[in-house]
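These notes concern the structure reproduced below.
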Amino acid sequence: MAVPAQEPTHCDVAIVGAGAAGLATAIFVRRLNPGASVHLFDSAKAPGAKILVSGGSRCNVTNVSVSDADFWGGPRAIVRRVLRAFPVPDTVAFFRGIGVHLHEEADGKLFPDTNRARDVLAALLAELSKVGAVLHAADRVQAIERADHGPFRLTRTAGEVQANRVVLATGGQSLPKTGSDGFGFEMARRLGHTIVPTTPGLVPLLLENGAGEDLHRELTGVAQPVELFVWIENRVAVRLQGPLLWTHFGVSGPVALNASRHWLRAQLERRACRISVSFCPGESFDGVDARLTEMAASRPKASVQNALATIVPAAVASALARRLGIEPPTDLAHFPRDDRRRLVHALTGWPLAVAGSRGYDYAEVTAGGVPLTEITPSTLESRVCPGLFLVGEILDIDGRIGGFNFQWAWSSAQVAANALARRTGQ
Ligand SMILES: Cc1cc2nc3c(=O)[nH]c(=O)nc-3n(C[C@H](O)[C@H](O)[C@H](O)COP(=O)(O)OP(=O)(O)OC[C@H]3O[C@@H](n4cnc5c(N)ncnc54)[C@H](O)[C@@H]3O)c2cc1C
């Protein structure tokens with residue numbers, strides 16, 4: 001890691017935050033313009049903590065297929081433009097170039113061949129040092145000011161520094177112990193930006209406890225493929241398929257994490273929201289009803305519970321049957337039509353009584369942030385504070401689970417770096 005030989009008094013580019021987006025921005029600027037003096041300041045003693053914990057400490061660096069449809073938040077057209085400027089093949093080539101070879105896993109996720117997030121961080125830090133950007137760890141930026149159109153003045157733990165251009169790469173508020181505590185939003189606000197109100201994203205959901213609501217307690221540890229329906233004002237606003245994990249507090253797993261931001265934002269906007277789960281993903285009520293009817297014809301002596309266990313995990317089958325008052329010995333031949341339809345309703349639209357989320361301490365991302373409409377899409381320069389650039393999660397954009405959030409970090413870093421490298425020295 002490049003260690004500051006002495007405290008700088010002035011630099012061309014000051015990057016606040018040395019997470020994925022800040023590190024990549026610094027590397028890209030120096031590669032494009034080795035004459036630019038680039039300093040990164042991070043409050044953490046050991047920056048890059050979020051890279052280390054990502055993807056179960058394996059770091060899901062990106063995904064084979066990334067498009068604007070994988071993101072929520074700001075306008076799709078802007079997201080598309082940023083992603084196109086540094087698409088997935090460029091990310092793969094960049095990492096290969098710094099010694100991190102990626103391989104594909106389920107759902108197109110790309111991980112380092114070594115399966116170690118620490119190798120990803122080590123490679124980024126080694127490259128940072130190689131290109132000559134300077135990292136100042138344990139050096140929190142407390143204020144950024146600018147008088148007229150002169151240089152920015154940054155007040156840091158280790159003193160003051162002036163910079164011609166500043167990059168805010170402070171992330172959001174998720175996992176605040178890593179250093180991303182939301183103060184970046186406050187600095188952006190002080191520099192003239194508005195902030196789209198924030199909520200946790202990609203966070204496990206808490207379910208209510210109580211009579212009839214405690215399926216999660218009984219099924220703790222069970223994982224199953226499902227489809228989630230997020231109803232906003234009585235209309236299905238979002239449908240998501242994927243694995244659901246029942247836990248002692250509620251639900252987790254990719255599909256629940258992806259649904260969380262929709263439920264939380266509806267609460268923020270005071271819109272009526274509920275979530276229902278289908279245990280038969282992609283199937284309609286009539287389809288599941290027909291399946292059970294066919295089973296009754298072909299295996300009339302099979303118990304309802306056994307029939308159910310061909311559709312859902314056995315634990316889920318017995319939990320549902322008990323809640324619906326279906327006595328286990330009932331065989332399909334004697335299963336009344338009304339009960340069958342009640343069962344199909346339960347299988348395709350079981351209500352999840354969401355009571356909240358586990359909050360920022362357990363969230364992988366932050367939804368909300370600096371609006372994309374307040375930055376120039378081709379440069380990621382602020383429209384309200386020229387000379388200020390914003391990259392990564394501080395912006396109002398959040399990806400679904402699967403490597404999309406890091407791809408946003410790499411792509412936004414490259415867009416800002418192109419502009420910074422061009423401007424520096426002018
Ligand atoms: C548990 C977990 C697992 C994840 N797994 C994945 C995954 O596998 N794939 C994926 O794509 N995404 C994953 N994510 C999301 C991904 O980590 C983030 O989207 C990404 O790290 C955001 O990068 P960033 O550089 O914008 O912000 P951050 O990584 O949050 O970095 C911001 C940096 O700014 C510093 N900082 C903040 N304020 C200041 C200040 N005032 N002064 C100085 N420094 C400051 C912080 O210390 C921090 O180092 C995961 C997130 C979590 C929490």
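Both counts, for ligands and for their atoms, begin at 1 and track the order of listing.
Proximity of F389 to V415: side-chain heavy atoms (C-beta onward) are nowhere separated by under 4.5 Å. For the pair L372 and V82, the minimum side-chain heavy-atom distance is 4.5 Å or more. Using a 4.5 Å heavy-atom cutoff, the side chains of I311 and L292 are in contact. By the 4.5 Å heavy-atom criterion applied to side chains, L23 and L125 are counted as neighbours. When side chains are defined from C-beta on, T9 does not count as touching Q162, because their heavy atoms never get closer than 4.5 Å.
Among all protein heavy atoms, the one lying closest to atom 2 (C) of ligand 1 is E364 CG, 3.7 Å. Shortest contact from atom 38 (N) of ligand 1 to any protein heavy atom: T170 CG2, 3.5 Å. Ranking protein heavy atoms by distance to atom 44 (N) of ligand 1, first place goes to S43 N, 3.1 Å. Nearest non-hydrogen protein atom to atom 18 (C) of ligand 1 is E393 OE1, 3.0 Å. The single protein non-hydrogen atom nearest to atom 27 (O) of ligand 1 is G171 CA, 3.3 Å, given as residue, atom name and distance. Protein heavy atom in closest approach to atom 31 (O) of ligand 1: G19 CA, 3.4 Å. The shortest contact between atom 23 (O) of ligand 1 and any protein heavy atom is with A20 CB, 4.0 Å. Among all protein heavy atoms, the one lying closest to atom 28 (P) of ligand 1 is S180 OG, 3.8 Å.
Residue nearest to atom 32 (C) of ligand 1, selected from G17, S174, A169: A169 (by heavy-atom distance). Considering F406, Y360, F404 only, the shortest heavy-atom separation from atom 12 (N) of ligand 1 involves F406. For atom 40 (C) of ligand 1, the nearest non-hydrogen atom from the set T366, V120, L202, V141 comes from V141.
Aromatic ring pairs are classed by plane angle as parallel below 30°, tilted from 30° to 60° and perpendicular above 60°; the pair F95 and W410 is perpendicular. The aromatic rings of F94 and F86 sit perpendicular to each other, their planes meeting at more than 60°, with 30° as the lower class boundary.
Checking only distances, D42 does come within under 3.5 Å of ligand 1, N or O to N or O. Considering both main-chain and side-chain atoms, A21 comes within under 3.5 Å of ligand 1 through a nitrogen or oxygen pair. For ligand 1, the polar-atom distance check against S54 finds no nitrogen or oxygen pair separated by under 3.5 Å. Polar contact check, G55 against ligand 1: a nitrogen or oxygen pair lies under 3.5 Å apart.
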Report task. Before giving the answer on side chain to side chain donor-acceptor pair (under 3.5 Å), spell out for T198 and Q173 the whole-Å C-alpha distance, their side-chain angles and the decisive distance to 0.1 Å. Result -> CA-CA 9 Å; T198 55; Q173 287 164 260; 2.8 Å; yes
Report task. Carefully, step by step, assess S252 and Y362 under the rule side chain to side chain donor-acceptor pair (under 3.5 Å). Result -> CA-CA 11 Å; S252 188; Y362 293 88; over 6 Å; no
Report task. Just do the side chain to side chain donor-acceptor pair (under 3.5 Å) check on T114 and D119 with the steps written out, would you? Result -> CA-CA 8 Å; T114 62; D119 294 341; 2.6 Å; yes
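Within ligand 1, the atoms closer than 4.0 Å to a non-hydrogen atom of N60 are 7 (C), 8 (O), 9 (N), 10 (C), 11 (O), numbered from 1 in the order shown. Close approach of ligand 1 to G392 (heavy-atom distance below 4.0 Å) involves ligand atoms 26 (O). With ligand atoms numbered from 1 in the order given, ligand 1 contributes 36 (N), 37 (C), 38 (N), 46 (C), 47 (O) to contacts under 4.0 Å with heavy atoms of G179. The A363 neighbourhood of ligand 1 comprises atoms 53 (C), with distances under 4.0 Å to a heavy atom of that residue. Close approach of ligand 1 to K50 is summarised as follows: ligand atoms under 4.0 Å from at least one heavy atom of the residue are 17 (O), 21 (O), 29 (O), 30 (O), 53 (C). For ligand 1, the atoms closer than 4.0 angstrom to any heavy atom of T178 are 47 (O). Proximity to V53 (heavy-atom distance under 4.0 Å) selects the following atoms of ligand 1: 1 (C). Residue-ligand proximity, F183 to ligand 1, at heavy-atom distances under 4.0 Å covers atoms 41 (N).
The number of heavy atoms from other shown groups lying within 6.0 Å of CZ (R116) is above 12.
Under 4.0 Å from ligand 1, the heavy atoms of F41 that appear belong solely to its backbone. Only side-chain heavy atoms of M187 come within less than 4.0 Å of ligand 1; its backbone N, CA, C and O stay farther off.
In summary, of the residues considered (L205, V226, V277), a side-chain contact (heavy atoms from CB on, under 4.5 Å) with L352 occurs for V277 alone.
The residues D113 and R96 are annotated as not salt-bridged, no charged nitrogen and carboxylate oxygen being separated by less than 4.0 angstrom. Salt-bridge formation is not detected for the pair R265/D398: no Lys NZ or Arg NE/NH1/NH2 atom is positioned less than 4.0 Å from an Asp or Glu carboxylate oxygen.
Residues F285 and H345 place their aromatic rings such that the two centres sit under 6.0 Å apart.
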